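Worksheet: one structure, shown below.
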Amino acid sequence: MNENERCLLRELTDQVARAVRGEFTVQAMSGSGGVEIDALAETVSKLVVELKEAEEFISALSLGRLEVDPPPRNHLISSFKQLQSNLRHLTWQTQQIAAGDLNQRVDFLGDFSVAFNSLIASLREKRIAEDRLRYVSNHDPLTDLYNRSYFTEEMERIERGRRFPVSIMLADLDGLKRVNDTLGHAVGDRLIHQAAQVIRHAVRGDDVVARIGGDEFAIILPGTDTATACEVRDRIRKSEEMFNLECSNYVIGISIGIATAELGGSLTEALRLADKKMYEDKFARKQAGGPGRREDE
């Protein structure tokens, strides 16, 4: 080996030493040392360039800059490329969770996966508890219909909307006192529940059916004129008739009042008018000797 070759090797050794210290600058050789030395110099230069690319990519990754793409054909960072891919997917999963999707699961980050999946399980349990609490706060426990509080909120919301005309139906269960007095309150509760089912099955899925008192029900029928609301009332009458043919212990009798608010009208006024008409219907049924007679109040 001549002096020129030894000098070139010292330069290559110095360049490798600088790379070990984190200085990734390719230095031009002072000359040519033959095929083998030149091939070694080219390999060292490529290694330094790849180390520099790897250092930049890993530094960006450590700062959470997942948008930085890895350098192509750099085998030094293959494991970091996989880590970046995992973190990008984890970021997407986190965004899905923030949007309300709690069906995410991580199985590719070791102990972190265990902690992450435990967190998601806790969030799911919390959501179930919140949903249950929300449901209980809005529903009547006996009939599973909406309660008075929810009915009042929906009255205000629908009145601000555009689904007019809106019909309001008030229904009062006849004969409950007689059933409670003669057959007991447990049977009276069954009567209330069965009357609720009769009403529920007569309306659409998006109509609001609520139990607003002991034997009182209220229905909001958005986008429904008086004629269509009367068809709903007729379905209720048909259902109670069919129930009464099958039940020998007691009968269902429901007094009903209907009022309709046109666009710009007051639902509160419609509710008041429906209440008035419901009592008129109850009086007429008493006079006819039906389930709404005086001793059944």
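If you're wondering where the values come from, they're calculated on a predicted model, not measured in any experiment. Count residues from 1 along the sequence.
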Between Arg124 and Arg127, is there a side-chain heavy-atom distance shorter than 4.5 Å?
no
Distance check, rounded to the nearest 0.5 Å: Ile212 atom CD1 versus Ser149 atom OG?
12.5 Å
Considering only NZ, NE, NH1 and NH2 on the basic side and carboxylate oxygens on the acidic side, decide whether Glu154 and Arg157 come within less than 4.0 Å.
yes
Any donor-acceptor pair under 3.5 Å linking the side-chain atoms of Ser255 with those of Asp174?
yes
In the single-linkage hydrophobic clustering (I, L, V, M, F, W, Y; side-chain heavy atoms under 4.5 Å), do Leu47 and Leu40 co-cluster?
yes
Quick one: are Asp131 and Tyr135 in side-chain contact, heavy atoms under 4.5 Å?
no
A quick test of your reading: do over 12 heavy atoms of other residues, nucleotides or ligands sit less than 6.0 Å from OH of Tyr150?
yes
How long is the gap from CZ on Arg272 to CG on Asp275, to the nearest 0.5 Å?
9.0 Å
If you apply the rule side-chain hydrogen bond (donor to acceptor under 3.5 Å, both in side chains), what do you find for Asn244 with Glu240, and how did you get there?
CA-CA 6 Å; Asn244 292 337; Glu240 73 176 36; 5.1 Å; no
Taking 4.0 angstrom as the limit, do Glu50 and Lys46 come out as a salt bridge?
no
If we only count heavy atoms from C-beta on, is the Leu87 to Leu61 side-chain gap below 4.5 Å?
yes
With a 4.5 Å cut-off on side-chain heavy-atom distances among I, L, V, M, F, W and Y, is there a chain of contacts connecting Leu176 to Tyr279?
no
For a quick test of reading the model, state the closest non-hydrogen atom pair linking Ala202 to Val232 and the distance between them.
O-CG1, 3.7 Å
For Arg88 and Asp69, what are the C-alpha separation, side-chain angles and deciding distance, and is it a salt bridge (charged side-chain N to carboxylate O under 4.0 Å, His left out)?
CA-CA 11 Å; Arg88 282 178 170 178; Asp69 292 325; 3.1 Å; yes
Tightest non-hydrogen contact, residues Ala274 and Ala259, listed as N-CB, 3.7 Å
Closest contact, heavy atoms only, Ala218 versus Leu170
CB-CD2, 3.5 Å
What is the distance from atom CD1 of Ile168 to atom CD1 of Ile158, rounded to the nearest 0.5 Å?
7.0 Å
Begin from the C-alpha positions of Cys230 and Ile258 and carry the test side chain to side chain contact (heavy atoms under 4.5 Å, CB included) through to its verdict.
CA-CA 8 Å; Cys230 288; Ile258 297 170; 4.2 Å; yes
Under 3.5 Å, is there a donor-acceptor pair between the side chain of Asp281 and the main chain of Ile256?
yes
Would you confirm whether Arg233, through its side chain, and Met169, through its main-chain N or O, come within 3.5 Å as a donor-acceptor pair?
no
Passing candidate, salt bridge (charged side-chain N to carboxylate O under 4.0 Å, His left out) with Asp172, options Lys177, Lys282, Lys277:
Lys282
Run the side chain to side chain contact (heavy atoms under 4.5 Å, CB included) test on Arg18 and Gln15 for me, step by step, so that the C-alpha distance in whole Å, both residues' side-chain angles and the decisive distance to 0.1 Å come before the verdict.
CA-CA 5 Å; Arg18 288 197 303 274; Gln15 190 163 0; 3.9 Å; yes
ILVMFWY cluster, Val203 and Ile220 together (side-chain gap under 4.5 Å):
no
Is a donor on one side and an acceptor on the other found under 3.5 Å between the side chain of Thr224 and the backbone of Pro222?
yes
Considering all heavy atoms of both residues, which atom of Arg178 and which atom of Val251 are nearest to each other, and what is their separation?
NH2-CG2, 4.5 Å
With heavy-atom distances below 4.5 Å as the criterion, would you say the side chains of Val166 and Thr260 are in contact?
no
Backbone N/O of Arg134 and side chain of Ser137: donor-acceptor pair under 3.5 Å
yes
Any non-hydrogen side-chain atom of Gln197 less than 4.5 Å from a side-chain atom of Arg200?
yes
How close do Val136 and Asn147 get, heavy atom to heavy atom, and via which atoms?
O-ND2, 4.4 Å
Arg65 side chain vs Ala60 backbone, donor-acceptor pair below 3.5 Å
no
Identify the two heavy atoms, one from Ile192 and one from Phe217, that lie closest to each other, and give their separation to 0.1 Å.
O-CZ, 3.9 Å
Tell me if a side-chain donor or acceptor on Glu262 pairs with a main-chain N or O of Phe164 at a distance below 3.5 Å.
no
Please round to the nearest 0.5 Å and tell me the distance separating atom CD1 of Ile254 and atom CD of Glu216.
13.0 Å
How about Arg132: does its CZ atom have over 12 heavy atoms from other parts shown lying under 6.0 Å from it?
no
Is a side-chain N or O of Gln84 found less than 3.5 angstrom from the main chain of Val68, in a donor-acceptor match?
yes
Would you call the rings of His139 and Tyr146 parallel, tilted or perpendicular, taking 30° and 60° as the class edges?
tilted
Between Arg237 and Glu241, is there a side-chain N and carboxylate O pair less than 4.0 Å apart?
no
How long is the span from the OG1 atom in Thr94 to the NE2 atom in His89, to the nearest 0.5 Å?
9.5 Å
Heavy-atom donor-acceptor pair, Thr43 side chain to Ala39 backbone, under 3.5 Å
yes
Answer with yes or no whether the hydrophobic clustering places Leu12 together with Leu8; edges join I, L, V, M, F, W, Y residues whose side-chain heavy atoms lie under 4.5 Å apart.
yes
By side-chain hydrogen bond (donor to acceptor under 3.5 Å, both in side chains) - contacts of Asp189 (at least two apart)
none
Measure from the side-chain N and O atoms of Ser85 to the backbone N and O of Lys81, and report whether any donor-acceptor pair falls under 3.5 Å.
no
Look only at the side chain of Arg211 and the backbone of Gly214, and say whether a donor-acceptor pair between them is shorter than 3.5 Å.
yes
Between CG of Asp206 and CG of Leu221, what distance do you get to the nearest 0.5 Å?
9.5 Å
Walk me through it: do Met155 and Glu159 pass the test side chain to side chain contact (heavy atoms under 4.5 Å, CB included)?
CA-CA 6 Å; Met155 283 274 288; Glu159 190 166 45; over 6 Å; no
Could you give all pairs that pass the salt bridge (Lys or Arg N to Asp or Glu O under 4.0 Å) test and reach residues 110-122, with sequence neighbours left out?
none
Could you go step by step and tell me if Thr25 and Val48 meet the side chain to side chain contact (heavy atoms under 4.5 Å, CB included) rule?
CA-CA 7 Å; Thr25 303; Val48 171; 5.9 Å; no
Single-linkage hydrophobic cluster Leu119~Phe112, side-chain heavy atoms < 4.5 angstrom
yes
Heavy-atom side-chain contact between Phe57 and Pro71 under 4.5 Å
yes
